[in-house]
Amino acid sequence: MSILSTRGLTKSYGDGESLVRAVDGVDLEVESGETVAIMGPSGCGKSTLLHLVGGLDRASGGEIHLAGRRVDQLTERALARLRRTDVGFVFQAFHLMDELTALENVELPALLAGHSPRAAKARAAELLDRVGLTTKAGALPTTLSGGQRQRVAVARALSNEPVLVLADEPTGNLDSAATLDVLRLFEDLHDAGQTLVIVTHDERIAATADRLITMRDGAFVDETRLTGGSTGNLGALAGLEG
Amino acid sequence: MQQEVVLALLAKEPSHGYEIRARLRSALGPIGDAMNAGQVYVVLTRLEKAGLVTTESTTTKDSSDRKTYVLTPKGQQRVAEWLTEVSWPRPDLAEFHLKLVAAAAAGLADPLSIVDTQRRELLRRLRDAQRAAMAEEDGAEAGLLLEGIVLRLQADLRWLEACARSWTTRRSTT
Amino acid sequence: MGRLLLIVRLAARDLLRRPAEAALLLLAIAAATTTLTVGLTIHGVASDPYANTREVTAGPDVVATILPDPEGGADPDPAALESIAAADGVTDHSGPFPVAGAALELGERTMDVQAIGRDAEPADVDRPAVTDGDWVRDGGIVVEAAFAEAAGLHVGDPVTLAGREFEVAGIAVTAALVPYPWTSCLVHCMLGEAPEGMRPADGALHDPGTVWLTVADVEEIASAPLSYVMNLKLADPDDAQAFVLAHGEERPGLPNLLSWNHTLEQVTHLERNTQRLLTTGGTLLGILAVASVAVLVGGRMADQTQRVGLLKAAGATPGLVAAVLLAASVTVALLASAVGLVAGRLTAPLFTERAPGLLGAAGEPALTASAVAIVTAVALGVAVVATLVPAVRAARTSTVAALNDAARPPRRIGWLIALSTRLPPALLIALRLAGRRPRRVVLSVASVTVTVSGVVAAMAANAQLAGQPLVDADTETQRLSDVLLVITVMLIALAAVNAVVVTWATVLDARHASAVTRALGATPAQLSAGLSLAQMLPAFAGALLGVGGGLALYTAIDPDEVPMPSTWSLVVLVPGVVIAVAALTAIPALLAARRPVAPSLQAELA
């Protein structure tokens, strides 16, 4: 079942001579449970594409279908509801509220969706446990490491059980060890059947995906299926020949 | 396997062959599992022939497992030298680069598709290495080795990306 | 010296970079300084002419009257007054003169008057000065000047008094009685509206004017028992109050004494009220200006932390940084005090027109050194108080933090956040927005409290004024109403500006939080409602406090009379304020909520 499907999606800025196509006629299809990675150089439009799909920005043209519904023509209000129920976001800059604890950050989407405070809190505790941060539930983001903050952000994205999680350069601000933590998290999500679309220029993240799409100048230029093992062995990679 | 590695593992104290193998496996993690069991003994024999190592028999049976290997003074000296050497493993980029040039010149294949195929393969290897790295506990020695593999692959992939960009431009200008 | 110049240059550049804000600051403080200046410079509006009149007319130190008992009983006996004349300290007297109440008809109109019977020769004490025409003669009446002006009477006009024909013989001025319309009652009379529960005596006159007739004429027109009035001169005029306390009685049938000090107080009642109104209004505006300046400067400080960091990184000490920040505010304050002093001095004459019923000119409005000092001190005080906290905070911020613009992280109020989880999304957003900047909430509440206090006090004052006799629209009572209106409008305008500025400051400050909240699923309607509610809640609190504060304020100013503004107007005021704030903040809130989410989030990455 196709969770996300776009046809001819475009986003342009300016007009006439100064027309810039940030996203240029993109057709994307994401199946349920798939992890799709979109790679490309800076400015290729991958973040813009993600914002369009998630309803944070309006497309200039084309169609977006999410969980069977057409969503490119929705009002701001309907888009907001979409973000509440169908889509979860993870950002490069985490975008946590500095004055709220980890738990309060995670329960916020549920509260905005109108769930009872008790239910929201319970769900938040459960999610923090899932990302391994139960001990940090009462901590403020400024006291957490980058990796921990991103894990809180992931927990927050899962708050309303979205059908699709969108991650925009999730490890962009993280060091190597934190990247590994987040990678583990994404693998867990994948194993649990979560549909993920990750925009990244970190090859390590891309390597975890089922499908890797390369983007350049606003358009898709390559698509690779990454299932199946590799031909070499690890020992050879390590230099242990003979 | 570098001879000096085995030499260095004997520097602390005389050891049996199986002890050296165990230490290697612990340091290499999953990579060490794929190692040939007999390889260590081949290296030890070579070292003995070179006079860097001697053996002492134990009082029990006269099988390989019970031999104790000891560093000779010459061996110790070699270890000390080795530790201060700064040579680094040779990169192997020229072969691939020439592969692309030759394919383009002779019209035998599209360089871009060569790059893409290689990229796919490296990505798969990256995935395997990453999975292995995640399976290790935090702080394990082997995890560090695996991280090195991952980072190298990352660097190689970046270069492949540059190759793809370059050969795309080259194609559009010809 | 070089450092001082540097500070001044930096401060000037700072102000010129943001002319609109500097102008707003100037206006806020200038409103206060102008009002204060007018209040401080008008003086002697009525007291100077009164002193002059007293001298010219040989005004008495004590006026003794004896009125008939409204319940019946014996007619007043003028002999009772004679005994007062014989008391210690009395050096001279005139009278007793008879006084009768009557109805005066002029054309279509009928007015009550109290007619005093006098001899044709000038008396020793109280010689009313004739400004037009002649003194009393048979068949002629002399009209008190203020009454003549209000009633439109001129020399030679034929009038009917108690059914008999008279002619206006002259217009005169006296210091013994308060001029119309606050006439000192020599017969039973009622000024203005009767207070609740008090029944005016039968035959009491309503807002009478004073006229003089010959003694014979007075006795002839009297239809009720006569009152008697006697004017006393004391050895020491300053003893008048003591004399009244010693000898005065409040019972009908016994002499009723009034000192000249009391008369002066009545005469200057309006003038003093005007002054009090202006100085109180000026103070309220000053307090409001503190809130305005604090909000404007504080908001600017947040944008300026980077500049502060650059200054420090270039080698400036925290002291220099604070000095620059303060210098900018002080410059505006000094300008505002200059503007206020000039504007106040120019508008003061509007309040010093000639007081009718008295001789001589009103005191010239003059800027005394103390007035200049007070106004300047107030302006500087406003600027310093409002700027001090942000300046010190900015100066203390570490340079690195300032350069990274991490200087003002939002506050966290745990219980408020926990409470907000139980509320619908719009209120949740509102409470959390307010909780991020508690100091700003306090400023908002203070601003609304001060404004509503002023409005309620003005309403109470207006209620009191409405009960006054308003024969002619051009009286000082009307002018007082106008002054009230102007000050009230200034208060409301300043408060409205405050509300809009605070909303903008909140919107700017909460850009990131707003974008994140929308990314997490809040609709634009919920967000803009939250932004508005974040202002409406402090406004509600401020309005409640202001109602109580306003009544307390008015009682403090005018303790003798506390008329309540109508209850319904007070009840309507509180939700009215809240709705007004909602309207003012609606546009900034809506605009903010409609901003596209993606760029606002990305701005944080830049």
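A note on names: the letters A, B, ... follow the listed sequences, proteins ahead of strands, and every chain is numbered from 1. Nothing here was measured: the structure is a model prediction, and the numbers come from that model.
The side-chain heavy atoms of A/H51 and A/K11, taken from C-beta on, include no pair separated by under 4.5 Å.
Residue C/D509 holds its CG atom at 4.0 Å from CZ of C/R437, rounded to the nearest 0.5 Å. Atom CG of A/D86 sits about 5.5 Å away from atom CZ of A/R69, to the nearest 0.5 Å.
Chosen from C/L520, C/V597, C/L423, C/I429, the residue pairing most often with chain A at heavy-atom distances under 4.5 Å is C/L520. Counting heavy-atom pairs under 4.5 Å between each of A/L111, A/N160, A/D168, A/D57 and chain C puts A/L111 at the top. Here C/G521 is the residue among C/A522, C/G521, C/G435 with the most heavy-atom pairs under 4.5 Å with chain A.
Heavy-atom distances place the side chain of C/R436, and not its backbone, under 4.5 Å from chain A. With a 4.5 Å cut-off on non-hydrogen atoms, C/S420 does not touch chain A at all. Neither the backbone nor the side chain of C/A525 comes within contact range of chain A; no heavy atom of the residue lies under 4.5 Å from a heavy atom of that chain.
No side-chain donor-acceptor contact under 3.5 Å links A/D98 and A/T142. Between the side chains of A/N173 and A/Q92, at least one donor N or O lies within less than 3.5 Å of an accepting N or O.
Of all heavy-atom pairs spanning A/R58 and A/L79, the tightest one is NH2-CD1, 3.7 Å. When all heavy atoms are compared, the tightest approach of C/P538 to C/V441 is CG-CG1, 4.1 Å. Nearest heavy-atom pair across C/V502 and C/S444 is CG1-OG, 3.6 Å. Here the closest non-hydrogen pair linking C/T387 and C/S329 is OG1-OG, 2.9 Å.
At a heavy-atom separation below 4.5 angstrom, chain C is approached by A/E99, A/L100, A/T101, A/E104, A/E107, A/L108, A/P109 within residues 99-110 of chain A.
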